[in-house]
Amino acid sequence: MNTTKILDAKGLACPMPIVKTKKAINELESGQVLEVHATDKGARADMTAWAKSTGHELVRHEEENDVLKFWIKKG
């Protein structure tokens, strides 16, 4: 998967990962992919709900060494 931009939101508590994700995705073109790294466990549910409510696609998510990684395709 081609990532256009990587957002490091590690160490940030809710709602900052979503706030920063929203800002970063606004800088992308439709169809481009934003990769987000977060450590806030609430981010899993937040990212899923946010992507669904804003028309973006949560393509994939995984956890690696306590870091949650999300790939969001701009709608």
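Among pairs with a residue in residues 53-63, those fulfilling salt bridge (Lys or Arg N to Asp or Glu O under 4.0 Å) read K41-E63, R44-E63, R60-E62, at least two apart in sequence or across chains.
In this structure, CD1 on I25 lies 9.5 Å from OG1 on T4, to the nearest 0.5 angstrom. Atom CG of D40 and atom CG of D46 lie 7.0 Å apart (nearest 0.5 Å).
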Using a 3.5 Å cut-off and no angle test, enumerate the donor-acceptor pairs between side-chain atoms of residues 29-36 and protein atoms at least two apart in sequence or in another chain.
from: S30; atom 1: OG; to: G75; atom 2: O; distance (Å): 3.1
from: Q32; atom 1: OE1; to: E29; atom 2: N; distance (Å): 2.7
from: E35; atom 1: OE1; to: T3; atom 2: OG1; distance (Å): 3.2
from: E35; atom 1: OE1; to: W71; atom 2: NE1; distance (Å): 3.2
from: E35; atom 1: OE2; to: H37; atom 2: NE2; distance (Å): 2.6

Sequence neighbours left out, cut at 3.5 Å: what donor-acceptor pairs do the side chains of residues 9-16 make with other protein atoms?
from: K10; atom 1: NZ; to: D8; atom 2: OD1; distance (Å): 3.2
from: K10; atom 1: NZ; to: D8; atom 2: OD2; distance (Å): 3.4

Fill in: Test log, rule side chain to side chain contact (heavy atoms under 4.5 Å, CB included), inputs T21 and L7
CA-CA 7 Å; T21 297; L7 171 64; 3.6 Å; yes
Practice prompt. For the pair I72 and M47, evaluate side chain to side chain contact (heavy atoms under 4.5 Å, CB included) and give the outcome as yes or no after the intermediate values.
Written response: CA-CA 9 Å; I72 301 169; M47 289 290 179; 3.9 Å; yes
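Atom NZ of K74 is surrounded by more than 12 heavy atoms from other residues, nucleotides or ligands within 6.0 Å.
Listed by chain and number, the residues in a salt bridge (charged side-chain N to carboxylate O under 4.0 Å, His left out) with K69 are E64 (sequence neighbours excluded). By the ring pair (Phe, Tyr, Trp, His ring centres under 6.0 Å) test, H56 pairs with W50, sequence neighbours left out. Under the side chain to side chain donor-acceptor pair (under 3.5 Å) criterion, E27 pairs with K5, sequence neighbours left out.
The two atoms that bring A43 and L68 nearest to each other are CB-CD1, 4.3 Å, heavy atoms only.
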